[in-house]
Undergrad: 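Handing you a structure now.
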Amino acid sequence: LWTFPESPRPLLTDFLQMDGDWIVATDAHCPCHDAQICELVLDVARTLKIRNLCLGGDLLNFDSYSSFDRFLQKDKETTLPQELEVAGRVVESFLDWFTDILILPGNHELRFLRENQFQPTFEMLIRLMGLSDSLRSRIAVNVGPNSTALYRHCILSGYRVTHAKNFSVKPKRVATR
């Protein structure tokens with residue numbers, strides 16, 4: 001029998017919990033998203049008649065905030081308004097089928113928010129995507145007790161959904177902070 005030590009840090013127990021059937025899609029990285037994968041998500045949802053979507057982090061790419069900019073072609077870099085506009089169009093396309101969308105922040109959104117001292121907040125960032133009020137009313141964002149305590153996890157119908165932190169077994173593959 002294995003015995004694990006208790007964590008010295010408090011456990012997060014106040015997850016957002018939602019019921020119903022959900023499709024979970026992560027790491028769209030708009031504007032670098034794969035439109036065919038987005039179509040596949042919609043095809044599966046329509047086939048299974050699932051009307052709730054959880055976008056589980058990294059909806060946006062935020063190239064201009066990346067420490068890996070040496071891999072980018074600066075003359076082809078997408079501006080922040082362009083990224084937000086593309087992400088808004090992707091979310092709007094999903095809302096053609098899905099009744100509700102839950103958006104979790106990922107490490108890319110957190111990078112942007114940290115760089116800007118959490119101004120704008122995550123909720124404001126979603127508003128900047130240019131969606132109409134009626135569409136935005138169908139979007140929930142997973143935030144903690146204040147604008148800087150963003151939860152990257154939730155419980156959907158008893159299953160924990162989370163966006164992983166930066167990790168790779170290959171050195172220099174992703175940030176190792």
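Below, all heavy atoms of this structure are taken into account, side chains as well, without hydrogens, waters or symmetry copies.
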Undergrad: Are the side chains of F94 and L55 in touch, meaning some heavy atoms are under 4.5 Å apart?
TA: yes
Undergrad: Could you please spell out the steps behind the side chain to side chain contact (heavy atoms under 4.5 Å, CB included) verdict for K49 and D21?
TA: CA-CA 9 Å; K49 297 178 176 41; D21 292 329; over 6 Å; no
Undergrad: Shortest non-hydrogen contact from S157 to D19?
TA: OG-C, 3.5 Å
Undergrad: For a quick test of reading the model, state the closest non-hydrogen atom pair linking N61 to R111 and the distance between them.
TA: O-NH1, 3.8 Å
Undergrad: Does N107 offer a backbone N or O that forms a donor-acceptor pair with the side chain of D58 under 3.5 Å?
TA: yes
Undergrad: Going by the rule side chain to side chain donor-acceptor pair (under 3.5 Å), which residues pair with T47 if we only count those two or more places apart in sequence or in a different chain?
TA: none
Undergrad: Output the distance between atom CD1 (I139) and atom CZ (R127), rounded to the nearest 0.5 Å.
TA: 11.5 Å
Undergrad: Got a sec, which residues hit side-chain contact (heavy atoms from CB on, under 4.5 Å) with E92, two or more places apart in sequence or on another chain?
TA: L131, L135
Undergrad: By the salt bridge (Lys or Arg N to Asp or Glu O under 4.0 Å) test, which pairs, at least two apart or in different chains, include something from residues 78-88?
TA: E85-R89
Undergrad: Walk me through whether L110 and F122 qualify under side chain to side chain contact (heavy atoms under 4.5 Å, CB included).
TA: CA-CA 9 Å; L110 290 174; F122 188 55; over 6 Å; no
Undergrad: Within the distance-only criterion (no hydrogens, no angle test), does the side chain of E109 pair as donor or acceptor with the backbone N or O of G57 below 3.5 angstrom?
TA: no
Undergrad: Answer whether the closest heavy-atom distance between the side chains of P105 and L113 falls below 4.5 Å.
TA: no
Undergrad: Quick one: closest heavy-atom pair of V41 and F98, and the distance?
TA: CG1-CZ, 4.3 Å
Undergrad: Under a 4.5 Å cut-off applied to non-hydrogen side-chain atoms, are V161 and T26 in contact?
TA: no
Undergrad: When you compare the side chain of L80 with that of F112, does any pair of heavy atoms fall below 4.5 Å?
TA: yes
Undergrad: Please assess V91 against L59 for the test side chain to side chain contact (heavy atoms under 4.5 Å, CB included), listing each intermediate value before the final yes or no.
TA: CA-CA 9 Å; V91 170; L59 172 61; 3.9 Å; yes
Undergrad: My understanding is that only residues two or more places apart in sequence, or in another chain, count here; which of them pass side chain to side chain donor-acceptor pair (under 3.5 Å) with N52?
TA: none
Undergrad: Kindly write out the residues that satisfy side-chain contact (heavy atoms from CB on, under 4.5 Å) with V44, not counting sequence neighbours, or none if the list is empty.
TA: I23, L40, L48
Undergrad: From T121 OG1 over to N116 CG, what is the distance, rounded to the nearest 0.5 angstrom?
TA: 11.5 Å
Undergrad: Please answer whether the main-chain N or O of C154 pairs with a side-chain N or O of R160 as donor and acceptor at a distance below 3.5 Å.
TA: no
Undergrad: Roughly how far, to the nearest 0.5 Å, is the CG atom of L95 from the OG atom of S137?
TA: 9.0 Å
Undergrad: How far does SG of C32 sit from CG of L60, to the nearest 0.5 angstrom?
TA: 10.5 Å
Undergrad: Residues two or more places apart in sequence or in another chain: which of them pass side chain to side chain donor-acceptor pair (under 3.5 Å) with D133?
TA: R136
Undergrad: Measure the CG-CG distance between D96 and L42 for me, rounded to the nearest 0.5 Å.
TA: 8.0 Å
Undergrad: Could you tell me the separation between the CZ atom of R46 and the CZ atom of R51, rounded to the nearest 0.5 Å?
TA: 9.0 Å
Undergrad: Taking all atoms of both residues into account, what is the closest heavy-atom pair of C54 and W22, and its distance?
TA: N-CE3, 3.7 Å
Undergrad: Within the 4.5 Å heavy-atom criterion, are L125 and L84 side-chain neighbours or not?
TA: yes
